[in-house]
A.B. asks: 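Here you go, one structure.
One-based numbering, in listed order, for ligands and for the atoms of each.
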Amino acid sequence: MGAKKGPAARRGPGAAWNPFANPAGPPNSGAAMDFPGQFEQYRLRVERGLDELVPAADTRPGRLHAAMRYSLQAGGKRLRPVLVLAVADTLGNSDRAADPLPAAVALECLHTYSLIHDDLPCMDNDDLRRGRPTAHRQFDEATALLAGDALLTLAFQLIGRHYADTPELCTALTREIAEAAGSEQLIGGQMEDLLAEKKSNATAEELEFIHLNKTAAMITAALVAGGLCGGATPDQLATLRRAGRPLGLAFQIVDDILDATADTATLGKTAGKDARADKTTYVKLHGLEASRRYATAQSESARAALSQLPGNRAFLSALVDHMAARLR
Ligand code: GRG
């Protein structure tokens, strides 16, 4: 198909991989629940959904679809789509529940678009993502740009196609995801991040703005999309929004900690970039120990918010703990 031959992938498409293989385990994991097993079941559902709902690599133009699939199938943790499925399952026993899988796949497409564009030479200029050469390294810059554009658009195609029979749900999902992805959230967070990098002395307030929008917005959208598919009441949707903010912040603080402490092979992306670029991060502003304490506190707030939901919340609660204890 004309893609450049790059280093062999360390993980094949959809290969089993446990992002939470932390020998110490998360602090609050319940012994009664098989968290890795349940996570794996959700992850496999996401992999199958991606395979079914994303155009095949032999669908014209094959090079574009191959590039989209290349980045999608590179072995991401699938946290956002798993959150969609898990929230929908937790709530989803009402007559209003709808299949959350297309929404879950849409969120992963959108997230992957943001990673492809973030890696481009005009942004972060990175060579490695999800343990593989970045899309523009494996293909070329124009193909990577178009693959990102197409994944962003596909997210909304999927919502339109799969929820057309439930117009209220279709509108609510479209609005939720578009708001999270737009210039006031994801793209706005990325813009401020690029501006902050130039001055390398962002304030704590600026850093929080960046991470709330770059990271927490998509995590909140995943929780709310799961709630919408699970027939959540307005109060339950508000609870999910309340949980998204601290969960997203905890996730980002851990990302900063891992950038400072883990190696490239473990992360599957270039480690130590923040310090080399003298980028303002939680670790730079507050130090490692305070960052760890802050991440734990944010995780606890997220878990407390989610405890307001009805249903069996054991998996969701364990997922929050594992997101803070992750090793990559
Ligand atoms: C280009 C519009 C645009 C946005 C880019 C996602 C992003 C914004 C930048 C990537 C770098 C970064 C540190 C983003 C913060 C969010 C984050 C930690 C993303 C990585 O998410 P993971 O760890 O990735 O869930 P995988 O590969 O596992 O899906």
A.B. asks: Distance under 4.0 Å to a non-hydrogen atom of H117: what atoms of ligand 1 satisfy this?
C.D. replies: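 In order of number, 1 (C).
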A.B. asks: Which part of K77 is near ligand 1, with near meaning a heavy atom under 4.0 Å away: side chain, backbone, both or neither?
C.D. replies: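 It is both backbone and side chain that touch ligand 1.
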A.B. asks: Look at atom 4 (C) of ligand 1 and find which of A74, S114, S71, G248 reaches it with the closest heavy atom.
C.D. replies: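 It is S114 that holds the nearest heavy atom.
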A.B. asks: Flag yes if more than 12 heavy atoms outside D263 fall under 6.0 Å of its CG atom; otherwise flag no.
C.D. replies: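 Counting neighbours around CG of D263, more than 12 heavy atoms of other residues, nucleotides or ligands fall under 6.0 Å, so yes.
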A.B. asks: With the threshold set at 4.0 Å, does a side-chain nitrogen-carboxylate oxygen contact exist between E40 and R78?
C.D. replies: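 Salt bridge absent between E40 and R78.
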A.B. asks: Under a 4.0 Å N-O cut-off, is there an ion pair linking E108 with K77?
C.D. replies: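 Salt bridge: no.
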A.B. asks: Pairing donors with acceptors under 3.5 angstrom, does anything connect the side chains of D126 and T270?
C.D. replies: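 There is such a pair between these side chains.
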A.B. asks: Do NZ/NE/NH1/NH2 and the carboxylate oxygens of D256 and K279 come within less than 4.0 Å?
C.D. replies: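 The answer is no: the pair does not qualify as a salt bridge.
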A.B. asks: Looking at D255, which atoms of ligand 1 are within less than 4.0 Å of one of its heavy atoms?
C.D. replies: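 Counting from 1, the qualifying ligand atoms are 13 (C), 18 (C).
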A.B. asks: If the cut-off is 4.0 Å to any non-hydrogen atom of I187, which atoms of ligand 1 fall inside it?
C.D. replies: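 Close to I187: 2 (C).
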A.B. asks: Is Q252 touching ligand 1 with its side chain, its backbone, both, or neither, if touching means heavy atoms under 4.0 Å apart?
C.D. replies: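 Only the side chain of Q252 comes within reach of ligand 1.
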A.B. asks: Counting from 1, what ligand 1 atoms have a heavy atom of T215 closer than 4.0 Å?
C.D. replies: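 Numbered from 1, ligand 1 contributes 15 (C), 16 (C).
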A.B. asks: So which of R80, K214, R78 gets nearest to atom 17 (C) of ligand 1, if we judge by its closest heavy atom?
C.D. replies: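 Minimum heavy-atom distance to atom 17 (C) of ligand 1 goes to R80.
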A.B. asks: Please could you name the atoms of ligand 1 that Y113 approaches to less than 4.0 Å, counting only its heavy atoms?
C.D. replies: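 Answer, ordered by atom number: 2 (C).
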A.B. asks: Give the ring-plane orientation class for F35 versus F39, where under 30° counts as parallel, over 60° as perpendicular and anything between as tilted.
C.D. replies: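 Because their plane-to-plane angle lies in the 30° to 60° range, the rings of F35 and F39 count as tilted.
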A.B. asks: Within the 4.0 Å heavy-atom shell around R130, which atoms of ligand 1 are there?
C.D. replies: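 Here the atoms of ligand 1 in question are 26 (P), 27 (O), 29 (O).
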A.B. asks: Cation-pi check for F139 against R63: NZ or CZ below 6.0 Å from the six-membered ring centre and within 45 degrees of the axis, yes or no?
C.D. replies: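 The answer is no; the distance or angle limit is not met.
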